[in-house]
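Below is one structure, written out as structure tokens; the observations come after it.
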Amino acid sequence: MSENLLSKIIAEQTEILLKNINSVVQSANLEAEFDGLNASRFIFHTLHSLDKWFVNPAEYKYDENSSGGVAENLSVISSYRQGFDAAPGVVISRENLEKYAVSVAQKIRIYLTKLSDKMLSEKLDGCEFTRLELILGQFRHVMCHAGISSAINVQNGNGWLKYFGLD
């Protein structure tokens with residue numbers, strides 16, 4: 001097995017994951033509502049989670065400029081979670097979602113260039129999870145929300161969003 005084969009596979013699969021989130025950002029009906037919130041909020045939540053949890057949540061600091069000035073609390077989509085604000089009528093613009101998606105992707109790509117197979121099993125200071133657990137957790141989370149975004153789109157009379165896989 002070649003050196004760092006696993007981290008190279010993770011980097012390749014992450015590019016597909018980023019294509020899927022970009023498909024959502026580019027194509028979703030941002031104003032369509034589900035469970036009292038519009039799709040833009042679900043998408044922002046997904047990007048924020050990817051931003052916070054993919055690399056190191058223990059050292060995460062939200063940069064409002066990276067999202068075009070969107071308030072971080074708009075990433076909270078459950079009324080049971082601290083910081084939730086229903087913010088009726090607030091739709092996060094596609095431009096701001098695109099800006100944030102580019103920023104998050106850039107941060108992740110830089111991180112992946114430094115990632116080795118040995119590092120995958122390491123826990124970061126202040127974090128209870130290994131790097132691999134953080135990465136896999138975000139793969140699950142992003143694709144769950146990509147599915148939710150597609151369902152919102154279909155429920156509101158639009159088609160399924162484009163999905164990218166292994167082929």
Side-chain angles (χ1 to χ4, degrees), residues 1-28 39-68 70-78 80-83 92 94-153 160-167:
M1 187 157 80
S2 74
E3 186 177 337
N4 297 318
L5 176 63
L6 297 177
S7 55
K8 288 175 186 173
I9 291 170
I10 289 169
E12 291 168 0
Q13 293 304 304
T14 300
E15 286 302 320
I16 296 169
L17 183 77
L18 294 172
K19 282 175 70 172
N20 280 305
I21 194 65
N22 281 331
S23 173
V24 170
V25 169
Q26 296 294 320
S27 306
S40 76
R41 292 283 300 275
F42 287 93
I43 297 167
F44 183 67
H45 165 82
T46 306
L47 290 168
H48 181 269
S49 181
L50 194 57
D51 188 19
K52 179 177 181 177
W53 288 91
F54 196 96
V55 177
N56 185 355
E59 294 183 359
Y60 176 75
K61 295 203 181 351
Y62 180 65
D63 175 13
E64 202 167 285
N65 292 326
S66 69
S67 67
V70 177
E72 184 176 20
N73 71 312
L74 292 179
S75 71
V76 182
I77 58 172
S78 171
Y80 301 111
R81 298 243 171 139
Q82 183 178 354
I92 301 166
R94 193 171 315 278
E95 178 183 16
N96 286 345
L97 293 171
E98 288 169 349
K99 181 176 184 177
Y100 195 29
V102 167
S103 173
V104 171
Q106 180 180 22
K107 183 188 295 186
I108 288 171
R109 287 179 179 124
I110 290 168
Y111 172 70
L112 290 174
T113 63
K114 300 171 188 170
L115 187 67
S116 70
D117 286 4
K118 182 181 182 298
M119 295 166 66
L120 291 171
S121 63
E122 298 171 349
K123 289 184 180 182
L124 300 154
D125 289 340
C127 184
E128 64 182 295
F129 303 105
T130 65
R131 286 182 167 101
L132 182 59
E133 287 171 314
L134 291 170
I135 291 167
L136 292 177
Q138 282 311 292
F139 269 71
R140 286 191 309 268
H141 187 257
V142 168
M143 291 314 299
C144 172
H145 279 285
I148 290 169
S149 291
S150 278
I152 293 169
N153 232 38
W160 288 99
L161 301 175
K162 186 169 183 160
Y163 168 79
F164 298 92
L166 291 173
D167 53 356

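The structure presented is a predicted model; accordingly, all values stated were derived computationally and were not measured. Values below: every heavy atom of this structure, side chains too, minus hydrogens, waters and symmetry copies.
Contact check for Ile148 versus Ile152: side-chain heavy atoms found under the 4.5 Å cut-off. The side-chain heavy atoms of Leu134 and Gln138, taken from C-beta on, include no pair separated by under 4.5 Å. Two residues are said to be in side-chain contact when any heavy atoms from C-beta on lie closer than 4.5 Å; His145 and Ile77 meet this criterion.
A donor-acceptor contact under 3.5 angstrom links the side chains of Tyr60 and Asp51, judged on distance only. A donor-acceptor pair shorter than 3.5 Å cannot be found between the side chains of Tyr111 and Asn56. No side-chain N or O of Asn96 forms a donor-acceptor pair with one of Ser67 less than 3.5 Å apart. A donor and an acceptor atom, one from each side chain of Thr130 and Glu122, are nowhere located under 3.5 Å apart.
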Test salt bridge (Lys or Arg N to Asp or Glu O under 4.0 Å) applied to Glu133 and Lys123, step by step
CA-CA 9 Å; Glu133 287 171 314; Lys123 289 184 180 182; 5.6 Å; no

Step by step, would you call His141 with Leu50 a side chain to side chain contact (heavy atoms under 4.5 Å, CB included)?
CA-CA 8 Å; His141 187 257; Leu50 194 57; over 6 Å; no

How far apart are the C-alpha atoms of Phe54 and Ile135, what are their side-chain angles, what is the distance that settles it, and do they pass the side chain to side chain contact (heavy atoms under 4.5 Å, CB included) test?
CA-CA 5 Å; Phe54 196 96; Ile135 291 167; 3.8 Å; yes

Set out, in order, the CA-CA distance, both residues' side-chain angles and the distance that settles side chain to side chain contact (heavy atoms under 4.5 Å, CB included) for Phe139 and Thr14, then state yes or no.
CA-CA 8 Å; Phe139 269 71; Thr14 300; 3.5 Å; yes

Could you walk me through whether Ile43 and Ile92 pass side chain to side chain contact (heavy atoms under 4.5 Å, CB included), step by step?
CA-CA 9 Å; Ile43 297 167; Ile92 301 166; over 6 Å; no

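Across Val76 and Arg41, no two heavy atoms sit closer than the pair O-NH2, 2.9 Å. When all heavy atoms of Leu18 and Arg109 are compared, the closest pair comes out as CD1-NH2, 3.9 Å. When all heavy atoms of Val25 and Glu98 are compared, the pair lying nearest together is CG1-CG, 3.6 Å. Nearest approach of Ala101 to Asn22, heavy atoms of both residues: CB-OD1, 3.8 Å. Nearest heavy atoms, Val70 versus Glu64: O-CG, 3.3 Å. Nearest heavy atoms, Val24 versus Arg94: O-NH1, 4.5 Å.
Within a 6.0 Å sphere centred on CD of Gln106, heavy atoms belonging to other residues, nucleotides or ligands number 12 at most.
Checking side-chain atoms of Asp117 against main-chain N and O of Ser7 turns up a donor-acceptor pair under 3.5 Å. With Ser23 contributing its side chain and Lys19 its backbone, the two residues share no donor-acceptor pair below 3.5 Å. Ser49 places no side-chain N or O within donor-acceptor distance of the main-chain N or O of Thr46, the cut-off being under 3.5 Å. Judged by distance alone, the side chain of Asn4 and the main-chain N or O of Ser116 form no donor-acceptor pair under 3.5 Å. With hydrogens and angles disregarded, no donor-acceptor distance shorter than 3.5 Å links the side chain of Arg131 to the backbone of Val55.
Ring geometry, Tyr62 versus His48: the interplanar angle falls from 30° to 60°, so the pair is classed tilted.
For the atom pair CG (Leu97) and OG (Ser40), the distance works out to 6.0 Å, reported to the nearest 0.5 Å. Rounded to the nearest 0.5 angstrom, Leu124 CG and Glu59 CD are separated by 7.5 Å. The structure places CD of Glu72 at 10.5 Å from CG of Asp63, a figure rounded to the nearest 0.5 Å. For the atom pair CD1 (Ile108) and CD1 (Ile10), the distance works out to 12.5 Å, reported to the nearest 0.5 Å. The OG atom of Ser149 lies 11.0 Å from the CG atom of Asn20; values are rounded to the nearest 0.5 Å. The distance from the CG atom of Leu161 to the OG atom of Ser27 is 6.0 Å, given to the nearest 0.5 Å.
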